[in-house]
Colleague: 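What follows is a single structure, and I will ask about it in a moment.
These numbers were taken from a predicted model, which means no experiment stands behind them. Quick note: residue numbers are just sequence positions, from 1.
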Amino acid sequence: MTSNEIKALTGRYIMNTYGRFHVAIDHGQGATLYDPEGNAYIDFTSGIGVTDLGYGYQPWVDAITAQAKKLGHVSNLFYTEPAARLAEILCRRTGESCVFFANGGGEANEGMIKLARKYSFDKYGKGRAAIVTLNNSFHGRTITTLMATGQEVFHNYFFPFTEGFRYADANSLESLEAAAGDDVCAVMMEVVQGEGGVLPLDKDYVQAVAKLCAERDWLLLVDEVQTGVGRTGSLFAFQQYGILPDVVSFAKGIAGGLPMSGILANEKCRNVLGPGTHATTFGANPVCAAAGLVVQETLTDEFLAEVQAKGAYLRQGIEDLDLPCFGKTRGMGLMIGIEVKEGYNKGEIASKLIENGLLVLTAGPGMRLLPPLVITKEEMDKGLAIMKKALG
Ligand SMILES: *Cc1c(COP(=O)(O)O)cnc(C)c1O
């Protein structure tokens, strides 16, 4: 099919819930994508932080193919090797104790919220179920995670929402104390707010929150759906903050492009969700887990150091272009935000770059770049050259 035929068919038969860019994608290699007509696009999006190994990564393709031939699904009523091995690696590399596998970020966060409430219920009984989240956060699109999201625009249309969420300003312990009360069971945060605009929290603040949580027996829940799995240059971003969350959620990059998510919990939380309290049919799918194992094998410490170096290179490259529409860059590793100067429109900038062969994202008030972690210097340079040509 041609791009136009795909767009027409999509418009006719797929629910119109996405503001799409005007490009159809057919295939990819490395960090380069191609439309059906063969036009190339440098990818600074990774399918919104998912395809950390880029496209056509041979070990990933091989592992998925081999596992699909052996066993594509069997449910969690039976034991399977790929999920067990992936869980072991994730625990070993983070210091957490156990994993629950799910399928998407919002679903993982639901599990994290359920765990926090049950932890408190088991220990303190009813009435201690409130969760404090941060303003400008993003936690998902389910009825509960919309409410966990600290942005008014998401608290609309779908009433009644789940009760029990309060909001505090990021980087303010005073604001957290003001939002808290006797009924709080947990604090939930992204250590780098992603959808909110690529805003890393202050290290001192995150450590102070972890201390407060430990003192009051509030669970510290960290949403690493976007920041996890190497994106920020460490396996999980919390590792750069010197904390160990009680529960941490992951999703986007975990299986390099297949739908998988989950939560990691520490020893204190390992028995909170017992048999019958939480489940999901597709969770721990063996094909997704086999893909996840390749991601873990690829993301060695040396590879993660490279992610840091690539992020620094790309940010410096963007700042050196000194484009009239862009201000400062920020972020961690290959999770990069770019300030858009007043008088310029982030959506128009994105469209212009995409027309010129560079896929980018927006977030909060600015631009957001999430290139595949395997991106080469040559591909980054091509992307920078497109920025210069399109926006210079
Ligand atoms: C993307 C995202 C989610 C939602 O993940 P889905 O897979 O779309 O449900 C939740 N939290 C954060 C921080 C995210 O970036």
Side-chain angles (χ1 to χ4, degrees), residues 105-106 108-156 158-196 199-225 238 241-249 263-273 277-278:
N109 287 338
E110 287 268 349
M112 189 153 74
I113 291 162
K114 280 178 70 179
L115 191 155
R117 287 188 168 175
K118 183 155 183 303
Y119 172 86
S120 190
F121 179 88
D122 290 348
K123 205 161 164 182
Y124 303 98
K126 269 191 172 166
R128 187 181 179 276
I131 296 174
V132 182
T133 69
L134 299 185
N135 288 319
N136 200 43
S137 58
F138 180 78
H139 297 297
R141 294 281 188 169
T142 65
I143 294 283
T144 298
T145 56
L146 279 172
M147 214 50 193
T149 294
Q151 299 186 51
E152 274 299 324
V153 292
F154 288 96
H155 306 163
N156 235 317
F158 310 112
F159 307 101
F161 286 100
T162 308
E163 293 172 26
F165 289 94
R166 302 222 196 101
Y167 313 99
D169 291 335
N171 296 321
S172 165
L173 220 49
E174 296 74 49
S175 176
L176 181 62
E177 292 272 18
D182 293 343
D183 59 346
V184 167
C185 69
V187 176
M188 177 167 170
M189 56 172 57
E190 307 155 89
V191 287
V192 184
Q193 295 189 325
E195 302 300 314
L199 305 163
L201 299 185
D202 297 341
K203 194 170 177 182
D204 289 351
Y205 168 75
V206 171
Q207 291 188 345
V209 172
K211 189 159 166 275
L212 194 64
C213 284
E215 281 166 16
R216 310 225 177 142
D217 202 16
W218 300 340
L219 294 190
L220 177 59
L221 315 177
V222 176
D223 177 349
E224 293 237 23
V225 167
F238 77 74
Y241 281 84
I243 59 162
L244 185 68
D246 293 298
V247 193
V248 50
S249 60
I263 55 177
L264 278 151
N266 67 6
E267 196 55 28
K268 181 165 92 171
C269 297
R270 84 177 282 124
N271 294 316
V272 174
L273 295 175
T277 60
H278 197 49

Colleague: Sequence neighbours left out, what pairs pass side-chain hydrogen bond (donor to acceptor under 3.5 Å, both in side chains) with at least one residue falling in residues 122-131?
Modeller: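 Checked against side-chain hydrogen bond (donor to acceptor under 3.5 Å, both in side chains) - neighbours excluded - the pairs reaching residues 122-131 are K118-D122, Y119-K123, S120-R128, K123-D217, Y124-D217.
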Colleague: With heavy-atom distances below 4.5 Å as the criterion, would you say the side chains of V222 and V206 are in contact?
Modeller: no
Colleague: Could you tell me whether the side chain of F154 reaches within less than 4.5 Å of the side chain of S137, counting heavy atoms only?
Modeller: no
Colleague: Can you list everything that forms a side chain to side chain donor-acceptor pair (under 3.5 Å) with E195? Sequence neighbours excluded, please.
Modeller: Q226, R368
Colleague: Under 3.5 Å, is there a donor-acceptor pair between the side chain of T133 and the main chain of A148?
Modeller: yes
Colleague: Which residue pairs satisfy the ring-ring contact (aromatic ring centres under 6.0 Å, His included) criterion with at least one member in residues 200-219, sequence neighbours excluded?
Modeller: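 For residues 200-219: none.
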Colleague: Enumerate the residue pairs fulfilling salt bridge (charged side-chain N to carboxylate O under 4.0 Å, His left out) with a member in residues 173-183, sequence neighbours excluded, ordered by first and then second residue.
Modeller: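 Checked against salt bridge (charged side-chain N to carboxylate O under 4.0 Å, His left out) - neighbours excluded - the pairs reaching residues 173-183 are R166-D183, E177-R216.
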Colleague: What do the steps show when you test C213 against L219 for side-chain contact (heavy atoms from CB on, under 4.5 Å), and what is the final call?
Modeller: CA-CA 6 Å; C213 284; L219 294 190; over 6 Å; no
Colleague: Please report, to 0.1 Å, the donor-acceptor pairs under 3.5 Å made by any side chain of residues 109-117, with sequence neighbours excluded.
Modeller:
from : atom 1 : to   : atom 2 : distance (Å)
N109 : OD1    : S249 : OG     : 2.7
N109 : ND2    : H139 : O      : 2.8
N109 : ND2    : D223 : OD2    : 2.9
E110 : OE2    : T142 : OG1    : 2.5
K114 : NZ     : T277 : O      : 3.0
K114 : NZ     : H278 : ND1    : 2.9
R117 : NE     : A129 : O      : 3.0
R117 : NH2    : A129 : O      : 3.4
R117 : NH2    : E163 : O      : 2.8

Colleague: Go through the structure and list residues passing salt bridge (Lys or Arg N to Asp or Glu O under 4.0 Å) with R270, not counting sequence neighbours.
Modeller: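 If we apply the salt bridge (Lys or Arg N to Asp or Glu O under 4.0 Å) test to R270, skipping adjacent residues, the hits are E267.
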Colleague: Determine whether a donor-acceptor pair (N or O, by modelled atom type, separation under 3.5 Å) exists between the side chain of D202 and the backbone of N171.
Modeller: no
Colleague: Would you say NZ of K268 has more than 12 non-hydrogen atoms from neighbouring residues, nucleotides or ligands within 6.0 angstrom?
Modeller: yes
Colleague: Would the distance check show the side chain of Q193 and the main-chain N or O of L201 forming a donor-acceptor pair, the cut-off being under 3.5 Å?
Modeller: no
Colleague: Show your working on side-chain contact (heavy atoms from CB on, under 4.5 Å) between F165 and T144 and close with a plain yes or no.
Modeller: CA-CA 9 Å; F165 289 94; T144 298; 3.8 Å; yes
Colleague: Check whether any side-chain heavy atom of P245 lies under 4.5 Å from a side-chain heavy atom of L221, and answer yes or no.
Modeller: no
